[in-house]
Amino acid sequence: MLSEKKSTARQATSSPPHDVDDVDSAPAGISHLSLAGDTEWASSAPKLRCNLALLSPDHMELGKMLMEMEQSHLFEHWPELGVDDEVKQGFFDQIARLNASYPGGLSSYIKNARHLADSKAGRNPFYGFLVLHPILFYFYPVPKGENLTFADDDFIKYEEAGIKEAQNGAFVLVAGGLGERLGYNGIKVTARERSLLL
């Protein structure tokens, strides 16, 4: 009985209402509210869209972010408005905490996770890009590249070719600071080659 009263009180004092297609199905305390605003962003998650009246403005923004990051599957099994509303609001409270605790928010977390998954699958992040030749000024596709296994025949073949070509290369150290982690007390740009290889 207590949880029933608490749920009704929460529904009646819910945050500013929003445009919901299914206002008639809203429980008492919500259906009379003047619902306004764009809900097109939730069109790919109909179960979320019919529950938008529950959400605070902050939760609404989190919902938009989840839709932009293609996370509509999170709402596939949400029940209709009036059922488990406290659980739904608790979900968004948890999303808010996670969003605040990760650098760059959950959108950065999702992007990083996708990047790591692509890397694990061996996908080239530059696939489809074109490279500008610095002298001839024409574009050519990024080379496919090779996946090498340490010390196998291909590895040794490419290593030998690389050693021969290294004399024509230049190496730039773009980081500054001391080389203490490398076992060298001076600045890194003055470290001897053998110190860096230790």
Side-chain angles (χ1 to χ4, degrees), residues 1-132 139-145 147:
M1 188 65 153
L2 180 60
S3 63
E4 209 173 287
K5 287 181 182 176
K6 185 178 177 184
S7 176
T8 304
R10 176 175 278 199
Q11 290 168 359
T13 60
S14 65
S15 59
H18 305 280
D19 180 20
V20 178
D21 293 339
D22 195 15
V23 177
D24 294 335
S25 68
I30 290 181
S31 60
H32 72 282
L33 298 173
S34 171
L35 301 175
D38 176 30
T39 62
E40 190 59 34
W41 59 268
S43 61
S44 64
K47 299 285 183 75
L48 171 62
R49 192 173 187 177
C50 73
N51 280 279
L52 290 181
L54 290 173
L55 306 185
S56 69
D58 288 341
H59 288 174
M60 194 76 71
E61 289 305 311
L62 290 170
K64 289 178 183 178
M65 178 271 297
L66 291 172
M67 293 301 99
E68 287 170 7
M69 299 307 296
E70 301 174 350
Q71 301 299 302
S72 60
H73 61 278
L74 296 172
F75 307 102
E76 285 177 0
H77 302 291
W78 269 34
E80 63 186 17
L81 191 64
V83 178
D84 294 332
D85 289 347
E86 289 187 9
V87 174
K88 297 169 195 170
Q89 289 171 329
F91 167 83
F92 272 103
D93 289 340
Q94 184 179 21
I95 292 293
R97 287 192 301 275
L98 292 170
N99 192 55
S101 67
Y102 191 84
L106 283 177
S107 58
S108 291
Y109 176 85
I110 294 166
K111 288 174 188 172
N112 290 341
R114 288 174 178 161
H115 176 73
L116 290 171
D118 285 347
S119 179
K120 182 178 180 182
R123 295 187 189 98
N124 183 347
F126 301 109
Y127 178 79
F129 282 64
L130 295 176
V131 178
L132 176 63
F139 289 96
Y140 59 93
V142 175
K144 182 181 177 185
N147 287 321

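With sequence neighbours excluded, the residues that form a side-chain contact (heavy atoms from CB on, under 4.5 Å) with S107 are M65, M69. Taking the side-chain contact (heavy atoms from CB on, under 4.5 Å) definition, one finds that E40 meets it with D38, S43, R49, sequence neighbours left out. Residues passing the side-chain contact (heavy atoms from CB on, under 4.5 Å) test with K64 are W41, M60, E61, sequence neighbours excluded. Looking at residues two or more places apart in sequence or on another chain, you find a side-chain contact (heavy atoms from CB on, under 4.5 Å) between R123 and D118, A121. For K88, the side-chain hydrogen bond (donor to acceptor under 3.5 Å, both in side chains) partners two or more places apart in sequence, or in a different chain, are N51, D85.
Between S72 atom OG and L74 atom CG the span is 8.0 Å, to the nearest 0.5 Å. In this structure, CZ in F75 is found 4.5 Å from CG in L48, a value given to the nearest 0.5 Å. Interatomic distance, L62 CG to S56 OG, rounded to the nearest 0.5 Å: 8.0 Å. Note that CG of L66 is 9.0 Å distant from NE2 of H73, once rounded to the nearest 0.5 Å.
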Listing, residues 95-102 side-chain donor-acceptor contacts under 3.5 Å, not counting sequence neighbours, or none:
| from | atom 1 | to | atom 2 | distance (Å) |
| --- | --- | --- | --- | --- |
| N99 | OD1 | L106 | N | 2.8 |
| S101 | OG | R97 | O | 3.2 |
| S101 | OG | L98 | O | 3.1 |
| Y102 | OH | N112 | ND2 | 3.1 |

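Around the OH atom of Y109, the shell of radius 6.0 Å holds no more than 12 heavy atoms that belong to other residues, nucleotides or ligands.
Of all the heavy atoms in F92 and G63, the pair that sits closest is CE2-N, 3.7 Å. Residues L81 and A53 approach most closely at CD2-CB, 4.5 Å, considering heavy atoms.
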